[in-house]
Amino acid sequence: MKSAVETLNPTRVRLTVEVPFEELKDSLDAAYQKINQQVTVKGFRKGKIPARVIDQRFGRGAVLEEAVNDALPKFYTEAVNEAELTPLGQPEVDITELKDGETLNFTAEVDIRPALEIPDYSGIEVEVDAIEVSDEDVEKSVEQLRERFASTSPVERAAEDGDVVTIDLEAKVDGEILEDGVASGVSYTIGSGELLDGIDEAVKGLSAGEEGTFTSELKGGSAAGREAEVTVKVTQVAARELPELDDDFAQLASEFDTLDELKADSTKRLADMKQYDQATQAQERVLDKLLELVEVPVPEKLLEDEVNTRKHNLEHHQLGQMGLTLDKYLEIQGKTAEEFETETREAAVKGIKTQFVLDELVKKENLGVNQEELTEHLMRRAASSGMSPDQFAQAVVEGGQVPLLVGEVARGKALAAVVEAATVKDTNGEIVDLDDEEEEAEETTEAAATTEAAATTEAAATTEVTEAAEEKTEG
């Protein structure tokens, strides 16, 4: 077999392949055998029809077609390996010449990973937010804890902001009461925004036994998305009472004996959160700087597939679980369809470039993945998917997706290496040492690398395996 490669652009090539006819012998034998098992000819036992009879009765062309279809993948793969290409997606194959007994010639156009030149990245510098925990931050944190321990007591007055009311609801659409539009004894905190739009204004000022009406778009049920007339009756008004901020509260709400100890712990936890956010911010900004340094051509077809994958996952999985349509989501986000399209395409381009660059870094730095690292990553991915580690591992193995998980871990290590080489300063001009939270940083860089590349063709396959396993588990 002879093959030649023609570069059409930095991400697409055309292979020209010439195959001597004798190379088709095994596939021709297999074609005759296959046809033998599918047809019957009077005077011959099934499977024992001579090749010449098959040629006469069914045509030599049918045999050649079957043989070529069987052999093409093997010849294509040999040509790809010989040229040391990394193809993306399926090739477009065109048989240019097929002479019985002489030769088979064909071309195959396919997208490939572009050759990338990774420059010295040790000079990357980024700025991140300084870690500052204010008294206001601590007070807000303690106040949120205080809210969780609030008690309620019935009052004989009209409902006000912050009160907890017990209500009965009845929704009508076009004058008809919905079967699933009636609810009794619903507890609602005024101002929480947890129920229908307009309910706060309707119940404020009402006392127990009084009712009001308002119109609202239903968020779920049989008439989701439609305007309904809702009648709300207040059956009880209860005032929320917050506990005093003192040592007794600290003992009630935590393992600490004093309020000062509780506040000190809140300060530490907030600092830890801000430190994690700072590490995440550093990795995101280092990645952006790295992508600016590398010229990365993006295959158009891969980009289109990536955009479609992102749209499909958003519309049919994420929004579907929330009961939202794409149009409603865009309305809530205040975006036009054109803005959504632009943002999705930009995110897809960044995801593809990230995967290409980090994969190239993995090769350049000769980064490997050991069993412990893979297991830890699998555990984290299982937790984020809501599956047990055993379920997730089984789904990945059965789907043949282990190499993709290895790639995710390797990309995380590649990004971590770049972050380690970069100079990170906070807004106060201080050098940020991310080594202090080495384990956390590794998880974050891994997550950042995976997030940017997650919807690309390869990582999307892992997502599909996870979704299939989830459906199987639910079934």
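What you are looking at is a predicted structure, and each value in this text was computed from that prediction instead of being measured.
Using a distance-only test at 3.5 Å, with no hydrogens or angles considered, a donor-acceptor pair links the side chain of Asp120 to the main chain of Ser122. Asp111 contributes no side-chain N or O that, together with a main-chain N or O of Leu88, makes up a donor-acceptor pair within less than 3.5 Å. Looking only at distances, a side-chain donor or acceptor of Ser385 sits under 3.5 Å from a matching main-chain atom of Ala382. Using a distance-only test at 3.5 Å, with no hydrogens or angles considered, a donor-acceptor pair links the side chain of Asn69 to the main chain of Glu65. With hydrogens and angles ignored, the 3.5 Å screen pairs a side-chain donor or acceptor of Asp426 with a backbone N or O of Asn428.
Listed by chain and number, the residues in a salt bridge (charged side-chain N to carboxylate O under 4.0 Å, His left out) with Asp163 are Arg157 (sequence neighbours excluded). Scored by the salt bridge (charged side-chain N to carboxylate O under 4.0 Å, His left out) test, Asp200 finds no partners at all (sequence neighbours excluded). Remark: Thr86 pairs with Arg113 by the side chain to side chain contact (heavy atoms under 4.5 Å, CB included) rule, at least two apart or across chains. Partners of Glu315 according to the side-chain hydrogen bond (donor to acceptor under 3.5 Å, both in side chains) rule, which considers only residues two or more places apart in sequence or in another chain, do not exist here. Residues satisfying the ring-ring contact (aromatic ring centres under 6.0 Å, His included) criterion with His312, sequence neighbours excluded, are His316, His317.
One finds no salt bridge joining Glu18 and Lys2 here, because no Lys/Arg side-chain nitrogen approaches an Asp/Glu carboxylate oxygen to under 4.0 Å. At a threshold of 4.0 Å, the pair Lys363-Asp359 does not count as salt-bridged, since none of the basic side-chain nitrogens sits closer than that to a carboxylate oxygen. Salt-bridge formation is detected for the pair Glu300/Arg345: a Lys NZ or Arg NE/NH1/NH2 atom is positioned less than 4.0 Å from an Asp or Glu carboxylate oxygen. Of the charged side-chain nitrogens involved, at least one lies within less than 4.0 Å of a carboxylate oxygen, so that Glu217 and Lys328 count as a salt-bridged pair. In this structure, Arg12 pairs ionically with Glu92, as a charged nitrogen and a carboxylate oxygen lie closer than 4.0 Å. One finds a salt bridge joining Glu341 and Lys311 here, because a Lys/Arg side-chain nitrogen approaches an Asp/Glu carboxylate oxygen to under 4.0 Å.
The line from CD of Glu373 to CG of Leu378 is 13.5 Å long, rounded to the nearest 0.5 Å. For the atom pair Gln355 CD and Glu306 CD, the distance stands at 8.5 Å (nearest 0.5 Å). One distance of note links CG of Leu196 with OG1 of Thr215; it measures 10.5 Å at 0.5 Å rounding. Atom CD1 of residue Ile112 and atom CG of residue Leu302 lie 12.5 Å apart, to the nearest 0.5 angstrom. Separating the CG atom in Leu415 from the CG atom in Leu290 is a distance of 7.5 Å, to the nearest 0.5 Å. Between the CG atom in Leu104 and the CZ atom in Phe106 there is a gap of 6.5 Å [rounded to 0.5 Å].
For the residue pair Asp260 and Thr258, no side-chain donor N or O sits within less than 3.5 Å of a side-chain acceptor on the partner. In this model, no donor atom of one side chain and acceptor atom of the other lie less than 3.5 Å apart for Asp129 and Gln278. For the residue pair Glu346 and Thr342, no side-chain donor N or O sits within less than 3.5 Å of a side-chain acceptor on the partner. A donor-acceptor pair shorter than 3.5 Å cannot be found between the side chains of Asp277 and Thr280. A donor atom on one side chain and an acceptor atom on the other are found under 3.5 Å apart for Asn105 and Thr103. Defined by atom type and a distance below 3.5 Å, a donor-acceptor pair is present between the side-chain atoms of Asn9 and Thr11.
Environment of CD in Glu84: sparse, with no more than 12 heavy atoms of neighbouring residues, nucleotides or ligands closer than 6.0 Å. No more than 12 heavy atoms of other residues, nucleotides or ligands sit less than 6.0 Å from atom NZ of Lys425. Within a 6.0 Å sphere centred on CE of Met273, heavy atoms belonging to other residues, nucleotides or ligands number 12 at most. By the neighbour-count criterion of 12 heavy atoms within 6.0 Å, atom CG of Asp135 is sparsely surrounded, having that number or fewer from other residues, nucleotides or ligands. Taking a 6.0 Å sphere around CD of Glu244, one finds it holds 12 or fewer heavy atoms contributed by other residues, nucleotides or ligands. For Glu241, the CD atom is densely surrounded, since the number of other residues' heavy atoms within 6.0 Å is greater than 12. More than 12 heavy atoms of other shown residues, nucleotides or ligands fall within 6.0 angstrom of atom NZ in Lys364. The environment of Glu147 atom CD is dense: over 12 non-hydrogen atoms of other residues, nucleotides or ligands sit within 6.0 angstrom.
For the pair Thr152 and Ala238, the tightest heavy-atom approach, listed with the atom from each and the gap, is CB-CB, 4.0 Å. Of all heavy-atom pairs between Ser141 and Leu270, the closest is CB-CD1, 4.1 Å. When all heavy atoms of Ile199 and Leu195 are compared, the pair lying nearest together is CD1-CD1, 3.9 Å. Heavy-atom minimum distance, Glu23 versus Phe75: O-CZ, 3.7 Å. Among all heavy-atom pairs drawn from Lys413 and Gly368, the shortest one is NZ-O, 2.6 Å. Nearest approach of Ser266 to Val138, heavy atoms of both residues: CB-CG1, 4.3 Å.
Within the structure, the side-chain hydrogen bond (donor to acceptor under 3.5 Å, both in side chains) test picks out the following pairs touching residues 70-81 (sequence neighbours left out): Ser27-Asp70.
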Stepwise side chain to side chain donor-acceptor pair (under 3.5 Å) check, Asp327 with Thr325 = CA-CA 5 Å; Asp327 289 341; Thr325 64; 5.4 Å; no

Verdict with reasoning, Val419 to Leu434, per side chain to side chain contact (heavy atoms under 4.5 Å, CB included) = CA-CA 9 Å; Val419 172; Leu434 298 175; 3.4 Å; yes

Check step by step if side chain to side chain contact (heavy atoms under 4.5 Å, CB included) holds for Ile190 and Glu160.
-> CA-CA 7 Å; Ile190 299 176; Glu160 301 173 354; over 6 Å; no

Salt bridge (charged side-chain N to carboxylate O under 4.0 Å, His left out) between Glu408 and Arg381: does it pass, once the steps are laid out?
-> CA-CA 11 Å; Glu408 290 178 3; Arg381 294 280 268 115; 3.0 Å; yes

Please step through salt bridge (charged side-chain N to carboxylate O under 4.0 Å, His left out) for the pair Glu304 and Lys301, ending with a clear verdict.
-> CA-CA 5 Å; Glu304 293 305 319; Lys301 187 176 185 308; over 6 Å; no

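Inter-residue side-chain proximity for Ile131 and Val432 is flagged as unmet; no heavy-atom pair is nearer than 4.5 Å.
Remark: of the listed residues Asp288, Val296, Val349, Leu291, Leu291 is the sole one forming a side-chain contact (heavy atoms from CB on, under 4.5 Å) with Thr354. Test Val164, Val165, Asp161 against Thr189 for side-chain contact (heavy atoms from CB on, under 4.5 Å) and you get one pass: Val164. Thr107 pairs in a side-chain contact (heavy atoms from CB on, under 4.5 Å) with only one of the listed residues (Val93, Thr16, Leu15, Ile95), which is Thr16.
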